[in-house]
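Let me begin by presenting the structure, written as structure tokens, before commenting on it.
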Amino acid sequence: MGGYFRYLRKRPKIAESILAQLCPTAFLSLTTKEAIREIVCAILAAHGYTWKQASSGMEALALLNSGEVFELMLSDLMMADLDGIGLLERTKESFRTCRW
């Protein structure tokens, strides 16, 4: 593993401690930067979590509306088509039973 992934071997306890506090089992990782998505998903996969990736706000919204259940969504704030705040507002409208 090279590039960004070299840090996973050196600091595995950071990701483990964050995930242990949150305890979700299904993630949606959303960022326009592919390298960041890959790092997040590699950490999740290494710990046995189920995850999906989205590269835009609209793609994330489509995944959320597909009926698949996600317990945690990690999102960028600044994106071209639908920013993180807009995604949050649309998600709140569609999923009123979720905790915010």
Side-chain angles (χ1 to χ4, degrees):
M1 270 198 255
Y4 291 105
F5 297 104
R6 69 181 177 272
Y7 296 108
L8 293 179
R9 277 191 240 138
K10 294 178 183 177
R11 302 174 130 205
K13 297 294 182 194
I14 292 172
E16 188 175 313
S17 66
I18 292 169
L19 293 174
Q21 291 173 20
L22 297 174
C23 298
T25 58
F27 291 83
L28 174 58
S29 175
L30 166 63
T31 177
T32 55
K33 295 169 184 67
E34 185 177 1
I36 301 298
R37 280 196 321 271
E38 293 297 323
I39 290 169
V40 170
C41 291
I43 291 169
L44 295 174
H47 286 79
Y49 291 97
T50 302
W51 51 267
K52 292 276 180 150
Q53 295 184 45
S55 60
S56 70
M58 294 305 288
E59 186 180 345
L61 194 58
L63 277 169
L64 291 168
N65 289 324
S66 72
E68 192 165 350
V69 176
F70 298 97
E71 295 176 340
L72 181 69
M73 178 173 59
L74 305 172
S75 174
D76 271 354
L77 285 177
M78 297 187 319
M79 297 175 284
D81 61 348
L82 177 64
D83 67 9
I85 301 299
L87 177 61
L88 176 63
E89 289 169 353
R90 287 193 184 183
T91 305
K92 280 182 166 184
E93 290 170 8
S94 299
F95 303 95
R96 296 184 185 274
T97 59
C98 291
R99 292 183 306 176
W100 304 104

Query - Separation between CE of M79 and OG of S56, rounded to the nearest 0.5 Å - result: 7.5 Å
Report summary line: To the nearest 0.5 Å, atom CG of D81 lies from atom CE of M58 at 6.5 Å
Requested in this report: Taking salt bridge (Lys or Arg N to Asp or Glu O under 4.0 Å) as the test, write out the residues that go with E68, two or more places apart.
Outcome: K52
Report summary line: CD (E34) and OG (S55) are apart, to the nearest 0.5 Å, by 8.5 Å
Query raised in the report: Which distance, rounded to the nearest 0.5 Å, do you find between the OG of S66 and the CG of L61?
Result: 10.5 Å
Requested in this report: Could you grab the distance from atom CZ of F70 to atom CG of L63, nearest 0.5 Å is fine?
Outcome: 5.0 Å
Report summary line: On a heavy-atom basis, the closest approach of G84 and S75 is CA-OG, 4.0 Å
Query raised in the report: Under the salt bridge (Lys or Arg N to Asp or Glu O under 4.0 Å) rule, what pairs show up with a residue in residues 54-65, not counting sequence neighbours?
Result: none
Report summary line: Applying side chain to side chain donor-acceptor pair (under 3.5 Å) to R90 and not counting sequence neighbours gives none
**Report entry** Flag, side chain of D83 to backbone of G86, donor-acceptor distance under 3.5 Å
**Finding:** yes
Query raised in the report: Between CG of L87 and CG of L64, what distance do you get to the nearest 0.5 Å?
Result: 6.5 Å
